[in-house]
Amino acid sequence: MLLAKFKDEVEEILSRYPVKRSALLPLLNLAQREEGFVSEPAMRDIAKVLELTPPQVFETVTFYTMFNLKPIGKFHLQVCKSLMCALVRSDDVVTWISKKLNITPGHTTPDNNFTLSVVECLGSCGTGPMMQVNDDYYEQLTEEKVARVLEDLARDGVCSLKSGPYMYPIPLSQS
Amino acid sequence: MPQYEKILLKNMEQPGYTGSLADYEKSGGYQAFRKVLKDMQPDQVIEEVKKSSLRGRGGAGFPTGVKWGFIPKDHPGPKYLCCNADESEPGTFKDRQLMERDPHQMLEGMAITCFAIGAETAYVYIRGEFRLGAKILNKAVEEANAAGYLGKNVLGTDRTINIYIHAGAGAYICGEETALLESLEGKRGQPRFKPPFPATHGLYQKPTVVNNVETMANIPHIINRGGEWFAGIGSPPKSCGTRIFCLSGHVKRPGNYEVPMGITFREFIYDIGGGMSSDKPIKAFIPGGASAPFLTPEHLDVKMDFESVAMAGSMLGSGGVTVMEEGTSMVWAALRLMEFFYHESCGKCTPCREGSSWLTQILQRIWTKQGRQGDLDLLTELCKNIAGRTICAFGEAEVGPIQSTLHHFRHEYEDLIREADAMRPKSKEIPVFNH
Ligand SMILES: Cc1cc2nc3c(=O)[nH]c(=O)nc-3n(C[C@H](O)[C@H](O)[C@H](O)COP(=O)(O)O)c2cc1C
Ligand code: SF4
Ligand code: FES
């Protein structure tokens, strides 16, 4: 059982809500964090803990775009394509990544390292074009910057170009 | 660049300010909460906020004090506060900065609000993608708990105030207040019919206040400096205080700027944002996030307050100003936004669910030069049949970009359709919809 492994964390999450079902999204997030996607056993597990039926869990999971129902690559590249980023050429970012990794949106590289997705606004429209890779934001992307992010991630698993805490424009006294 | 007194961004712009509890306390943090607990009654707090004329910063601009006043006082069971940190309106990114840079400011606002409405439990519903924001908020809550500002017996009184951070999982519609509540209850984030309103039947059917992050961040300042002080800033009597406007698009200096409401778009875009990023002139701008109808350069002297923008035919909404230069296709821009709305429609009501798909398909075929005569009438007709006929305000939002670009830039649509006509093959090929 997946959740048995996180007993304390599950207890703590449950304690925040007067109604068990409220813990559904946090538990799904936990499951996805552990496995990289939300598996069927995980959903059954969560249903049992929350005293829900598996369909109740499933119908909720499918509403939210952040839950992957299938395994994806180690790094999930999500490029924002909404208008504000598109104005500053986010479509080029998709092309750069596609070219470099030889995959189109919706696909994973053969080594299972990268999955490329094109997504809607991620709340950093003033620093576009941008992408989210797993938990991190990378903003004001250029072709060189994208290349470095991909190389660093493939080699080291981390990249120092990630941004945040967010502050833009940088105040004159600090720049 | 003109300088205005900052309220919400003041702390975080001090060199070395980290947003930790110690830093926040050093700059006067939690004094307002202490004052409220020591010297004020809940009603007085609500009165003070009413006096300030603060209006919600989430989009609809509802007077905050009035909203709090709707919470039934004699209700026996629990009441809740939910802070709306879903921030997914394209063009808006201010709450992110408020959370990541000065988390205690909004937490103090929430603690005061809990006191005012008699809630013991509050949730911050933060969009799932903001992992860093959630981490920073969780740490801030821990600090505040340890220091006695939150938790059981806050600051030695008999009150309990618990704040929990609840992360969503990627759905724009969960920013709509009743969808937020559904989502927080662990369900699909689909808006509820109103009435009843959250003030009486909110989270778990209990009286609930839903307020935006920026709204919450204003509260400590109103308590510290008084409602009258706040009501004197900006564009009184209806648009008081400062707002953090988010500037994006083809401008030199995009970003978040806190200015008093009532300056003009021209001042904002040119003096503060540095003007256009290239030497092309401005063609159009969106004054308040993706849901707000487009405006044109002739509206540059409109004041940035709720009424003036409404009079110009748009809305101040979430405060996201997006600027587009000459040469940007308005059909393309409307299509990009429509694709967003199509993707994000929750599917609960037919006009929005089906209509968003139709609108997207029609715009796609016009943009790819496969449009037909009659498409513009069809768009107009569809828009009319969506707005005002849906469960939530998403219906109005999704038709705004189309209606306004059709109004101001109809010739661009017509040109594309004319081109399509000229190119049309004789066979009766049916355009394929691929999304
Ligand atoms: C489709 C839709 C999306 C919304 N998204 C947000 C959002 O992301 N953040 C927010 O604060 N309010 C959002 N709102 C507004 C909320 O419904 C609600 O009015 C607001 O949170 C109330 O807080 P306020 O009074 O402090 O503004 C949205 C409304 C609609 C109709
Ligand atoms: S208007 Fe759209 S988003 Fe709102 S409830 Fe209806 S289908 Fe859902
Ligand atoms: S439009 Fe790309 S982050 Fe908002």
Side-chain angles (χ1 to χ4, degrees), chain A residues 13 15-29 32 38 50 52 56-57 59-67 78 80-88 119-128 132 134-137 140 162-174, chain B residues 12-15 19 78 87-93 95-97 100-101 121 123 127-133 136 162 164 166-172 183-190 204 246-250 253-257 286 290 320 322 324 328 333 336-337 339-340 343-344 346:
Chain A
I13 290 174
S15 74
R16 300 177 201 163
Y17 311 100
V19 173
K20 275 193 169 160
R21 184 164 180 164
S22 278
L24 183 48
L25 293 194
L27 292 186
L28 288 166
N29 267 319
Q32 172 148 313
V38 183
L50 300 182
L52 298 171
Q56 281 175 315
V57 174
E59 72 165 16
T60 311
V61 171
T62 52
F63 185 81
Y64 297 93
T65 46
M66 272 174 66
F67 295 127
Q78 307 189 66
C80 167
K81 67 161 259 262
S82 296
L83 177 65
M84 293 71 196
C85 281
L87 288 172
V88 288
V119 300
E120 300 293 351
C121 182
L122 291 170
S124 72
C125 328
T127 33
Q132 179 172 24
N134 296 358
D135 288 0
D136 301 320
Y137 277 27
Q140 293 180 318
K162 71 177 183 196
S163 43
Y166 187 82
M167 172 86 91
Y168 216 84
I170 295 155
L172 292 173
S173 55
Q174 287 174 31
Chain B
M12 65 180 87
E13 294 197 351
Q14 302 308 315
E87 188 157 74
S88 345
E89 174 97 357
T92 316
F93 42 93
D95 297 344
R96 178 173 164 215
Q97 181 161 333
E100 292 183 0
R101 284 287 172 168
T121 310
Y123 298 97
R127 68 176 295 181
E129 292 89 346
F130 285 174
R131 298 267 199 231
L132 181 64
I136 291 173
N162 281 311
Y164 301 105
H166 183 99
Y172 165 69
S183 180
L184 194 44
E185 291 182 6
K187 303 176 194 151
R188 294 168 77 88
Q190 292 181 312
Y204 313 120
C246 320
L247 185 59
S248 60
H250 296 138
R253 291 197 295 267
N256 287 326
Y257 297 93
I286 305 175
T322 302
M324 287 164 272
T328 314
R336 268 299 152 112
L337 288 176
E339 284 174 350
F340 168 82
H343 184 259
E344 300 295 339
C346 86

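Only heavy atoms go into these numbers, but all of them, side chains included; no hydrogens, no water, no symmetry mates. A note on names: the letters A, B, ... follow the listed sequences, proteins ahead of strands, and every chain is numbered from 1.
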Can you tell me which of [options] forms the most heavy-atom pairs within a distance under 4.5 Å of chain B?
| options | result |
| --- | --- |
| A:Leu52, A:Val57, A:Val19, A:Thr127 | A:Val19 |
| A:Leu25, A:Leu24, A:Leu27 | A:Leu25 |
| A:Gly123, A:Ala23, A:Cys85 | A:Gly123 |

Within the side chain of [X], is there an N or O that forms a donor-acceptor pair under 3.5 Å with the backbone of [Y]?
| X | Y | answer |
| --- | --- | --- |
| B:Thr322 | A:Met84 | no |
| B:Arg336 | A:Lys81 | yes |
| A:Ser22 | B:Leu184 | yes |

Point to revise | Pairs of heavy atoms under 4.5 Å with chain A: top-ranked of B:Ala333, B:Gly189, B:Ala171, B:Ala167 | key: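 With the most close heavy-atom pairs to chain A, the winner is B:Gly189.
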
Review point. If you tally heavy-atom pairs under 4.5 Å against chain A, which of B:Glu344, B:His166, B:Glu87, B:Glu89 wins?
Key: B:His166

Practice item. Check side-chain hydrogen bond (donor to acceptor under 3.5 Å, both in side chains) between B:Tyr257 and all other residues, then give those that pass, not counting sequence neighbours. Key: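 With sequence neighbours excluded, B:Tyr257 shows a side-chain hydrogen bond (donor to acceptor under 3.5 Å, both in side chains) to no residue whatsoever.
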
What heavy-atom pair brings [X] and [Y] nearest, and what distance separates the two atoms?
| X | Y | value |
| --- | --- | --- |
| A:Gly126 | B:Phe93 | N-CE2, 3.3 Å |
| A:Met66 | B:Arg131 | CE-NH2, 3.9 Å |
| B:Tyr164 | A:Ser15 | OH-O, 4.4 Å |

Exercise for review: Please check if the distance between the ring centroids of A:Tyr17 and B:Tyr123 is under 6.0 Å.
Suggested key: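 A:Tyr17 vs B:Tyr123: aromatic centres under 6.0 Å.
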
Show me the donor-acceptor pairs within less than 3.5 Å that the side chains of residues 162-170 of chain A make with the rest of the protein, sequence neighbours left out.
from: A:Ser163; atom 1: OG; to: A:Tyr137; atom 2: O; distance (Å): 3.0
from: A:Ser163; atom 1: OG; to: A:Glu139; atom 2: OE1; distance (Å): 2.4
from: A:Tyr168; atom 1: OH; to: A:Gln140; atom 2: NE2; distance (Å): 3.0

